[in-house]
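Order of the sequence lines sets the chain letters (A, B, ...), proteins ahead of strands, with each chain counted from 1.
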Amino acid sequence: MSSIDEQVQRIRSMVLPSGVLHGDPFQVLIKTILSHRTRDETTDTAASRLFERFPGPRELKNAPLEEVETLVRPTGFYSVKAARIIEVARIIDEDLGGVVPRTKEGLMRLPGVGPKTANCVRVFAYGDDAIPVDTHVHRIANRLGWVHTTSPEATESALEAVLPRHLWVPINELLVTFGKQVCRPVRPRCESCLLADTCPHGSAHSHVREGGIVKRHFENQ
DNA sequence: ATCCCGAGGG
DNA sequence: CCCTCTGGAT
């Protein structure tokens, strides 16, 4: 019927990813740590101000904690984030010769770097093939029935098995944009979704019959 | 399972 | 006022 490739093509016709996260590995890394549970516009402005003051690991590792906290405050979790990025800067400068790790294991040894952040650096800084699984990718891959998983990490390995390799890199930005505009966490816009006919989440078995009329219901309304 | 936590939208 | 936002560590 409808292959994953065909479904992705339809998603492409619905949304236009912005794709602003590229460049120097250190800045991609720090920016991604700051982006945790934070809107990306907020992350962007905070990161710009931070790098204006402390451009690289050498400068950031000696930065006063309180000043860094003030700079990253708008992103929330400012206390943990400030401590994390200063420590990350120190490790990279002193232990790793100024080089941001390129492997998932190496990246995940850094404080504040989990699977999603590690893969963001591999993809957006080094151009390697990886699938950063955030809440959008996890939610949508399950809604579409591509995977049946309960954790983002399980989703990552499951997706590696079913997603054609050429989609690994683009799938994150694509589903994130799709997830914000159409397939939202709450009250998804199934009426204007081109996948509604084949989507298990919005079709047959999630329907409930009411007075002969088929009505959609979702877990969060 | 809980905590970290500001900012913006409904 | 209540909710969520491209998580990670305990």
For [X], which contact category applies under a 4.0 Å heavy-atom criterion: base, sugar-phosphate, or nothing?
{"X": "Val176(A)", "answer": "base"}
{"X": "Val137(A)", "answer": "nothing"}
{"X": "Arg37(A)", "answer": "base"}
{"X": "Lys81(A)", "answer": "nothing"}
{"X": "Pro152(A)", "answer": "nothing"}
{"X": "Thr43(A)", "answer": "nothing"}
{"X": "Thr75(A)", "answer": "nothing"}

To the nearest Å, how far apart are [X] [atom1] and [N] [atom2]?
{"X": "Lys116(A)", "N": "dC5(C)", "atom1": "NZ", "atom2": "C1'", "result": "11 Å"}
{"X": "Asp40(A)", "N": "dG7(C)", "atom1": "CG", "atom2": "C1'", "result": "15 Å"}
{"X": "Arg73(A)", "N": "dA7(B)", "atom1": "CZ", "atom2": "P", "result": "9 Å"}
{"X": "Phe77(A)", "N": "dT2(B)", "atom1": "CZ", "atom2": "P", "result": "15 Å"}
{"X": "Ile85(A)", "N": "dG8(C)", "atom1": "CD1", "atom2": "P", "result": "15 Å"}
{"X": "Leu34(A)", "N": "dC5(C)", "atom1": "CG", "atom2": "C1'", "result": "14 Å"}
{"X": "Glu69(A)", "N": "dC5(B)", "atom1": "CD", "atom2": "C1'", "result": "12 Å"}
{"X": "Tyr78(A)", "N": "dG6(B)", "atom1": "OH", "atom2": "P", "result": "6 Å"}

Could you say whether Pro132(A) or Val113(A) is positioned toward the 5' end of DNA chain C, judged by the nucleotide with the nearest heavy atom to each?
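Taking each residue's closest nucleotide, the earlier one in sequence belongs to Pro132(A).
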On DNA chain C, nearest-nucleotide positions of Thr38(A) versus Met108(A): which is more 5'?
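Upstream on the strand: Thr38(A).
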Would you mind checking if Asp44(A) and Lys31(A) are paired as a salt bridge, meaning a charged N to carboxylate O distance below 4.0 Å?
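Salt bridge present between Lys31(A) and Asp44(A).
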Electrostatic pair Arg84(A):Glu87(A) at N-O distance under 4.0 angstrom:
no
Separation of the P atoms in dC3(C) and dT2(B), to the nearest angstrom:
15 Å
Using atom P of each nucleotide, how far apart are dG10(B) and dT6(C) to the nearest Å?
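14 Å, rounded to whole Å.
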Is the shortest side-chain heavy-atom distance between Pro101(A) and Leu110(A) below 4.5 Å?
yes
Checking side-chain polar atoms at under 3.5 Å, does Thr117(A) have a donor or acceptor matched by the opposite partner on His36(A)?
yes
Assess the side chains of Thr32(A) and Lys116(A): does a donor N or O sit below 3.5 Å from an acceptor N or O?
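Judged by distance alone, the side chains do not pair up.
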Can you identify which nucleotide, out of [options], has its nearest atom closest to the [X] side chain?
{"X": "Glu173(A)", "options": "dT6(C), dC5(B), dA9(C)", "answer": "dT6(C)"}
{"X": "Thr117(A)", "options": "dG8(C), dT6(C), dG10(B)", "answer": "dG8(C)"}
{"X": "Pro185(A)", "options": "dT4(C), dG7(C), dT6(C)", "answer": "dT4(C)"}
{"X": "Ser79(A)", "options": "dG10(B), dG7(C), dC4(B)", "answer": "dC4(B)"}

Could you walk me through whether Glu59(A) and Arg53(A) pass the salt bridge (charged side-chain N to carboxylate O under 4.0 Å, His left out) check?
CA-CA 8 Å; Glu59(A) 296 84 6; Arg53(A) 186 85 179 78; over 6 Å; no
Under 4.0 Å from OP1 or OP2 of dC5(C): is there any side-chain N or O of Thr42(A) that close?
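The answer is no; no side-chain N or O of Thr42(A) sits under 4.0 Å from OP1 or OP2.
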Looking at the base of dT4(C), is there any donor atom on it, or on the side chain of Arg39(A), that sits under 3.5 Å from an acceptor on the other one?
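Flag set: donor-acceptor pair detected.
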